[in-house]
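Quick notes on the structure that follows.
Throughout, a chain's letter reflects where its sequence line sits, starting with A, and its residues are numbered from 1. For the numbers below, each heavy atom of this structure counts, side chains included, while hydrogens, waters and symmetry mates do not.
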Amino acid sequence: MHPVRKKRLFVIMIILVLLGSVVSLIMYALQQNINLFYSPSQIVTGEAPYNANIRAGGMVVEGSVARDPETLAVSFEVTDFRHKVKIEFNGILPDLFREGQGIVAQGKLNSNGVFVATQVLAKHDEKYMPPEVTEALENAQNTSLNNTSNIQPTY
Amino acid sequence: MAFDNLTDFFEMGRHGVYVWSVYGFSTVSLALITWSTLSKRHQIQETLRKRFLRDKTI
Amino acid sequence: MSWTWFHKLGSPKWFFHWSKSLALPLFGFGCICLLFGLVWGVAFAPEDYQQGNSFRIIYIHVPAAILAQSCYLALGLSGLVFLVWQMKIAPIFIKAVAPVGAVMALMALVSGAIWGKPTWGTWWVWDARLTSVLVLFLLYMGIIALQNSLNDVTLANKAVAVISVVGLINLPIIKYSVEWWNTLHQGATFTLTEKPAMPAEMWVPLLISTIGLYCLVAGLALWRMQTEILIREHRSNWVKQEVMKDGL
C-alpha cells in the first residue's frame, strides 16, 4: 500500500478507536438508564428507587398468580432465580402473559417493597416452536419421568 | 398449508390485521423503491440520449 | 498481492459494463426467492406455540433488519475505502444504497412495532435494541439529507463518507444491545455459530426470504449505481457510446 494511504488508514482507525471508546465510556456511565428494567435482585438489594416511575422485569413465578374474581386486579411474583418481587396490577394483561413467562412491568415500588404496576408487557425469547412440538416435548418429558420412577425400584 | 380454509388464512386467529398490514406495508415499500429506481435509471438514459442526439444535429 | 482488480472495480466505466447484465438477473432471482420464502412462511410454516400466527411477521421483520444492518456495514466500509483510497466508485455506492438501506430500516421498525403490539403489548418501548435501530434509520436519513443539501460533489463525497464511517459504531451497539442491557427485545434469531432455536420448517423459509431480499437489494443497488455513474460521467465518451447503443 502507498505510504500516504497507509497513513490515512491509520489516522481513520485511530479516530474510530477513540470515538468508539468515548461512546462505550458514555454508555457504561449511563448503563442504568439504558437498561430497560430493574431485576428483582436489584430491587431487593435496594438499587431501585422507591416511589419513582421505573420498570421491573423477570420471570413470573409458577403458581404465584392470584386474580381477583370480581375485578381485573391481579398480583404475581417475578423472579430472576435469586430474589422475588411481588407485583400488583389492575388492567388487561398481554396475551403472552402466563406463569414462567418473562415480563416487564412499569410502575412504582411502594415502601412495602411491592411493585404497583400501571402497565405489564410480555417478553419472549428467540425460541420458536410449533404447538405440536411443545406437546410432544412435554409428553416425552412426562414419559421419561415416569420411566425413571419405574426404573428406580428395580435398583 | 397450515390453515384449514381461506377464512382462517385471512383471519390468522385474530392476528390477521397485524400480519397482513406488515405484509402490505412491506410490499408497498419495496414496490415504491423499485419503481423510483427504475424510472430514474430510464429517465437519465433518455435525457442523455436526447441531449447527444441534439448535439449531433447541430 | 495484486491490486489491479481493486482499481479496476473502482473505475466507474468498468463497473458500469460489469454490472449492466447483472442487475436484472439478481433482482429477478431475489424477487422469486423472496416470494417463495414469504408464501412458505405466511401460509405453510407452522404457527408458534406462544405467539400463534403473529409469529409470521418474522419472515419480513428479520430479513429487513438484517439488510438494514448489512447495507450500513457496506456503506461504512465504502466510506472508509473512499477516505483512504479516494476510489471514485465508493461515494457512488453510498449515494445509491443509502435510500435502500433507509427503506429496510423503516420496514424493520414498522414490522417490529406491529409485531410488538399483539406479543409484548406495546407498539414501542425505549429499550436499547429498538432505540439503536431507530438511530440507524436516522443515520440513513442524515446521510440522504446531507447528500442532497451539498451541491459541491467533492465536498458531498467527503462529508457523506465521514458520517458513514462514524456511524459504523452503531452496528455493534445494535448487535450486542440485547446482551449488554436488559431489553424487551429477545436475542438474535440467526447467529453464525449456532443453529437457530426453531425447527427447520420455520427457519428454512426465513433463510430463503433473507437470501431473496439480499439479492433484490443488490439488484436495486446496481441499477441505482448505474444511474449515478451516468450522471457523474455524462461528459465522457464511453457514456455517449453506451447511451446511443441501446435503450435500457
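- Neither the backbone nor the side chain of Ala45(C) comes within less than 4.5 Å of any heavy atom of chain A.
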List the atom pairs, donor and acceptor, that lie under 3.5 Å between side-chain atoms in residues 100-108 of chain A and the rest of the protein, sequence neighbours left out.
unit_1    : atom_1 : unit_2    : atom_2 : d
Gln101(A) : OE1    : Gln50(C)  : NE2    : 2.6
Gln101(A) : NE2    : Lys123(A) : O      : 2.4

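- Most heavy-atom pairs under 4.5 Å with chain A, from the set Gly187(C), Ser177(C), Gly121(C): that is Gly187(C).
- Considering only heavy-atom pairs separated by less than 4.5 Å from chain C, the leading option among Asp95(A), Leu19(A), Ile15(A) is Leu19(A).
- The side-chain heavy atoms of Met13(A) and Leu80(C), taken from C-beta on, include a pair separated by under 4.5 Å.
- Ser41(A) meets the side-chain hydrogen bond (donor to acceptor under 3.5 Å, both in side chains) test with Asp80(A), His83(A); sequence neighbours excluded.
- A 6.0 Å sphere centred on CZ of Arg82(A) holds no more than 12 heavy atoms belonging to other residues, nucleotides or ligands.
- With a 4.5 Å cut-off on non-hydrogen atoms, Val165(C) touches chain A through its backbone and its side chain both.
- At a threshold of 4.5 Å between non-hydrogen side-chain atoms, the residues Glu47(C) and Pro130(A) do not count as touching.
- Taking both residues in full, the closest heavy atoms of Ile173(C) and Val23(A) are given as CD1-CG1, 3.9 Å, listed atom of the first, atom of the second, then distance.
- Note on Val166(C), Ile169(C), Leu168(C), Thr131(C): by heavy-atom pairs under 4.5 Å with chain A, the leading option is Ile169(C).
- Rounding to the nearest 0.5 Å places CZ of Phe55(C) at 10.0 Å from NE2 of His124(A).
- A side-chain N or O of Gln186(C) and one of Tyr128(A) form a donor-acceptor pair less than 3.5 Å apart.
- With Asn182(C) contributing its side chain and Asn35(A) its backbone, the two residues share no donor-acceptor pair below 3.5 Å.
- When heavy atoms are compared at a cutoff of 4.5 Å, Pro118(C) approaches chain A solely by way of its backbone atoms N, CA, C and O.
- Listed by chain and residue number, nothing satisfies the side-chain contact (heavy atoms from CB on, under 4.5 Å) test with Ala145(C) (two or more places apart in sequence, or in another chain).
- Chosen from Trp126(C), Trp180(C), Trp181(C), the residue pairing most often with chain A at heavy-atom distances under 4.5 Å is Trp181(C).
- Both the backbone and the side chain of Leu9(A) come within contact range of chain C, judged by heavy atoms closer than 4.5 Å.
- If you measure heavy-atom distances from Glu201(C) to chain A, the contacts under 4.5 Å come from the side chain alone.
- Side-chain atoms of Arg8(A) do not come within 3.5 Å of backbone N or O of Trp85(C) as any donor-acceptor pair.
- Looking only at heavy-atom pairs under 4.5 Å with chain A, the residue among Thr183(C), Thr189(C), Asp127(C) that has the most is Thr183(C).
- Across all non-hydrogen atoms, the minimal contact from Ala122(A) to Thr119(C) is CB-O, 3.6 Å.
- Of all residues spanning residues 55-78 of chain A, those with a heavy atom less than 4.5 Å away from chain C's heavy atoms are Arg55(A), arranged by number.
- Among Val125(C), Val84(C), Thr122(C), the residue making the largest number of heavy-atom pairs under 4.5 Å with chain A is Val84(C).
- The nearest pair of heavy atoms linking Asp48(C) to Lys127(A) is OD1-O, 4.4 Å.
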